[in-house]
Amino acid sequence: MSRLTRREFIAVSSLTAGFAIAVQPISAKVITTTSKGLIAGEVKIPVSDGTIPAYRAQPARGKNFPVILVIQEIFGVHAHIQDVCRRLAKLGYLAIAPELFYRQGDVSKLADIAQIRPIVNKVPDAQVFADLDATVEWAAKSAQGDIQKLGITGFCWGGRITWLYAAHNPKVKAGVAWYGRLVGESTELTPKHPIDIAKNLQVPVLGLYGGKDTGIPLETVEQMREQLKGCSVNSEIVVYPEAPHAFNADYRPSYRQKEAEDGWKRLKAWFKKNGV
């Protein structure tokens, strides 16, 4: 986008109603959570240069709901991420997943990861943090959210962001990072990675990783675990020895039901334990 266009952009397109094209065909094991008893659907989040779309789910009755930010995979805020929001809403949370690639492009319409990566690689961490800050503000002002009970969870690309945003925003009470990358090259757009903030992390984060993940070497997971020992708060890393990357993605062949269900149980307990 040009500078003028970026400053004036307005979210006009809807979030994808289904799954990203790049992850077709969809597994028969896909979990679908009903929106009965919920307010669920697309909302617009005001940001510094316009608005971005987000998927929001919350109980239809009540107020002052604990807030959980749900951070997308590389495939965007598609049906799986939306379903995760509804699962959390069924537990009594206001769950919201902003489309964090919106300015750079619509990844849901692209056919393969080779097309998606150049778009995602243009997304600055600073932009992501600012958009998440704006999402938190929206949750408090427009959706009856209690941001004194703020949590964050994310998957793959969003797992990395979960660690980093927990370090960025002191209002976060707890985070759960699902197989997020931990190390990487420092660049202008991605100056730090989870390993760089581990020693000074002031928010308890639960990291859930697969022992058979070919994209996140176990040695980097162990490096992160070692760095976290210096924290004043208790973070934890769980490794499922036989699980591959994306073991919670029930719409993909990588799904592992046993590990996914255990991870979800741990997520619920982690948020409860840490006041979310």
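Keep in mind that this is a model prediction, so the values were computed, not measured.
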*Asks:* Testing the 3.5 Å rule here: is there a donor-acceptor pair between the side chains of Tyr240 and Asp262?
*Replies:*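 Checked: Tyr240/Asp262 side chains pair up, N/O donor to acceptor below 3.5 Å.
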*Asks:* Can a donor-acceptor pair be found between the side chains of Asp125 and His168 at a distance below 3.5 Å?
*Replies:*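 Asp125 vs His168: no donor-acceptor pair found between side chains.
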*Asks:* Could you tabulate the donor-acceptor pairs under 3.5 Å formed by side-chain atoms of residues 73-80, not counting sequence neighbours?
*Replies:*
unit_1: Glu73; atom_1: OE1; unit_2: His78; atom_2: NE2; d: 3.0
unit_1: Glu73; atom_1: OE1; unit_2: Tyr251; atom_2: OH; d: 2.8
unit_1: Glu73; atom_1: OE2; unit_2: Tyr251; atom_2: OH; d: 3.1
unit_1: His78; atom_1: ND1; unit_2: Ala20; atom_2: N; d: 3.3

*Asks:* So, Glu226 side chain and Gln223 main chain: donor-acceptor pair closer than 3.5 Å or not?
*Replies:*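 No, the answer is negative, given that no donor and acceptor are paired below the 3.5 Å cut-off.
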*Asks:* State yes or no: do Val233 and Met224 share one hydrophobic cluster built from I, L, V, M, F, W and Y residues joined by side-chain heavy-atom distances below 4.5 Å, directly or via other members?
*Replies:*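 In one cluster: no.
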*Asks:* Can you tell which of Gln72, Arg86, Glu99 makes a side chain to side chain donor-acceptor pair (under 3.5 Å) with Tyr55?
*Replies:*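 One option only clears the test, and that one is Arg86.
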*Asks:* Taking the side chain as everything from C-beta on, heavy atoms only, tell me whether Ile216 gets closer than 4.5 Å to Val183.
*Replies:*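 Heavy-atom side-chain distance check fails, nothing below 4.5 Å.
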*Asks:* Got a donor-acceptor contact below 3.5 angstrom from the Thr162 side chain to the Ala177 backbone?
*Replies:*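 Not at all, since once roles are kept as given, no pair shorter than 3.5 Å links the two residues.
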*Asks:* Hydrophobic clustering (ILVMFWY, side-chain heavy atoms < 4.5 Å, transitive) - are Ile237 and Phe271 grouped together?
*Replies:*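 Cluster IDs for Phe271 and Ile237 match.
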*Asks:* Starting at OG of Ser235, measure out to CG of Asn274 and round the result to the nearest 0.5 Å.
*Replies:*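 Spacing of OG (Ser235) from CG (Asn274) equals 8.5 Å.
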*Asks:* If we ignore angles and hydrogens, is there a donor and acceptor under 3.5 Å between the side chains of Thr33 and Asp83?
*Replies:*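 Yes, because at least one side-chain N or O of Thr33 sits under 3.5 Å from a partner of the opposite role on Asp83.
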*Asks:* Give me the other members of the hydrophobic cluster that Ile31 sits in, counting Ile, Leu, Val, Met, Phe, Trp and Tyr linked by side-chain heavy atoms under 4.5 Å, directly or via other members.
*Replies:*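 Listed partners: Tyr255.
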*Asks:* Between Trp163 (side chain) and Arg181 (backbone), is there a donor-acceptor pair under 3.5 Å?
*Replies:*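 Looks like no, no N/O pair under 3.5 Å.
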*Asks:* Can you hop from Leu218 to Phe247 via hydrophobic side chains spaced under 4.5 Å?
*Replies:*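 The answer is yes; both residues are in one hydrophobic cluster.
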*Asks:* Taking the side chain as C-beta and beyond, is there a heavy-atom pair between Val276 and Trp270 under 4.5 Å?
*Replies:*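 The answer is no; the side chains never approach within 4.5 Å.
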*Asks:* Do Lys90 side-chain atoms and Leu38 backbone N/O form a donor-acceptor pair below 3.5 Å?
*Replies:*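 The answer is no, because no donor-acceptor pair under 3.5 Å joins these two groups.
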*Asks:* Decide whether Val43 and Ile39 are clustered together by the hydrophobic rule: side chain heavy atoms of Ile, Leu, Val, Met, Phe, Trp, Tyr closer than 4.5 Å, transitively.
*Replies:*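 No, separate clusters.
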*Asks:* Which distance, rounded to the nearest 0.5 Å, do you find between the NZ of Lys192 and the OG of Ser186?
*Replies:*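 If we round to the nearest 0.5 Å, Lys192:NZ and Ser186:OG are 9.0 Å apart.
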*Asks:* Using only atom types and a distance under 3.5 Å, with no angle test, would you say the side chain of Thr187 pairs donor to acceptor with the backbone of Thr190?
*Replies:*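 Between the backbone of Thr190 and the side chain of Thr187 there is a qualifying donor-acceptor contact (under 3.5 Å).
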*Asks:* Report the distance from atom CD of Glu137 to atom OG of Ser142, rounding to the nearest 0.5 Å.
*Replies:*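 The distance works out to 8.5 Å.
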*Asks:* With sequence neighbours excluded, give me every ring pair (Phe, Tyr, Trp, His ring centres under 6.0 Å) pair touching residues 186-206.
*Replies:*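 Residue pairs passing ring pair (Phe, Tyr, Trp, His ring centres under 6.0 Å), neighbours aside: none found.
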*Asks:* Could you list the residues that satisfy ring-ring contact (aromatic ring centres under 6.0 Å, His included) with Tyr93, not counting sequence neighbours?
*Replies:*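 ring-ring contact (aromatic ring centres under 6.0 Å, His included) list for Tyr93, sorted by chain: empty.
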*Asks:* Residues in ring-ring contact (aromatic ring centres under 6.0 Å, His included) with Phe155, at least two apart?
*Replies:*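 Applying ring-ring contact (aromatic ring centres under 6.0 Å, His included) to Phe155 gives Trp178.
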*Asks:* I want to check something: taking the side chain as every heavy atom from C-beta on, are Val176 and Val205 in contact at a cut-off of under 4.5 Å?
*Replies:*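 Not touching, per the 4.5 Å side-chain cut-off.
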*Asks:* A side-chain contact here means heavy atoms from C-beta on lying under 4.5 Å apart; do Asp250 and Ser27 qualify?
*Replies:*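 When only atoms from C-beta onward are counted, Ser27 and Asp250 do not touch, as no gap falls below 4.5 Å.
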*Asks:* Has Glu222 got more than 12 heavy atoms of other residues, nucleotides or ligands less than 6.0 Å from its CD?
*Replies:*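 Enclosed.
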*Asks:* Is the backbone of Pro98 close enough, under 3.5 Å, to the side chain of Thr135 for a donor and an acceptor to pair up by distance?
*Replies:*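 No, Thr135 side chain to Pro98 backbone: no donor-acceptor pair under 3.5 Å.
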*Asks:* Can you establish whether the number of heavy atoms outside Asn234 located under 6.0 Å from its atom CG is more than 12?
*Replies:*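 Atom CG in Asn234 is not crowded, with 12 or fewer foreign heavy atoms closer than 6.0 Å.
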*Asks:* Going by heavy atoms in the side chains, are Lys199 and Lys229 under 4.5 Å from each other?
*Replies:*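 Of all side-chain heavy-atom pairs linking Lys229 with Lys199, none is under 4.5 Å.
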*Asks:* Are the side chains of Val221 and Val239 in contact, using a 4.5 Å heavy-atom criterion?
*Replies:*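 Yes; the side chains approach each other to less than 4.5 Å.
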*Asks:* Output, in order, the C-alpha distance, side-chain angles, deciding distance and verdict of side-chain contact (heavy atoms from CB on, under 4.5 Å) for Ile71 and Leu100.
*Replies:* CA-CA 8 Å; Ile71 314 302; Leu100 298 169; 3.9 Å; yes
*Asks:* Taking the side chain from Asn121 and the backbone from Arg117, do they hold a donor-acceptor pair closer than 3.5 Å?
*Replies:*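 Confirmed, Asn121 side chain pairs with Arg117 backbone.
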*Asks:* Check residues 58-69 and write down every donor-acceptor pair under 3.5 Å in which the side-chain atom is one partner and the other belongs to a residue at least two apart or another chain.
*Replies:*
unit_1: Gln58; atom_1: OE1; unit_2: Arg56; atom_2: NH1; d: 2.8
unit_1: Gln58; atom_1: NE2; unit_2: Ala143; atom_2: O; d: 3.4

*Asks:* Under 3.5 Å, side chain of Thr220 to main-chain N/O of Pro217, donor-acceptor pair present?
*Replies:*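 Yes.
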*Asks:* Within this structure, what is the CG-CG distance for the pair Asp49 and Asp131, rounded to the nearest 0.5 Å?
*Replies:*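 Separation between the atoms: 7.5 Å.
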*Asks:* Look only at the side chain of Ser254 and the backbone of Ala246, and say whether a donor-acceptor pair between them is shorter than 3.5 Å.
*Replies:*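 Flag set: sc Ser254 to bb Ala246 pair under 3.5 Å.
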*Asks:* If you apply the rule side-chain contact (heavy atoms from CB on, under 4.5 Å), what do you find for Val70 with Ile152, and how did you get there?
*Replies:* CA-CA 6 Å; Val70 179; Ile152 183 171; over 6 Å; no
*Asks:* Determine, using the 4.5 Å side-chain heavy-atom cutoff (strictly less than), whether Tyr102 and Leu189 are members of one ILVMFWY cluster.
*Replies:*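 Looking at the clustering, Leu189 is in a separate group from Tyr102.
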*Asks:* Quick one: does Ile116's side chain get under 4.5 Å of Val120's, heavy atoms only?
*Replies:*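 The answer is yes; the side chains approach within 4.5 Å.
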*Asks:* Please confirm whether the ring centroid of Phe101 lies under 6.0 Å from the ring centroid of Trp157.
*Replies:*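 Close enough - the centres of the two rings lie under 6.0 Å apart.
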*Asks:* State, with a plain yes or no, whether a side-chain heavy atom of Pro244 is found less than 4.5 Å away from one of Arg256.
*Replies:*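 Of all side-chain heavy-atom pairs linking Arg256 with Pro244, at least one is under 4.5 Å.
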*Asks:* Give, for atom OG1 of Thr51 and atom CH2 of Trp138, the distance between the pair rounded to the nearest 0.5 Å.
*Replies:*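 One finds 12.0 Å between OG1 of Thr51 and CH2 of Trp138.
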*Asks:* Could you tell me whether the side chains of Gln257 and Glu261 share a donor-acceptor contact shorter than 3.5 Å?
*Replies:*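 Their side chains do contain a donor-acceptor pair, which is all the 3.5 Å distance test asks for.
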*Asks:* Drop me the distance from Asn200's CG to Gln227's CD, to the nearest 0.5 angstrom.
*Replies:*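 Interatomic distance, Asn200 CG to Gln227 CD, rounded to 0.5 Å: 10.0 Å.
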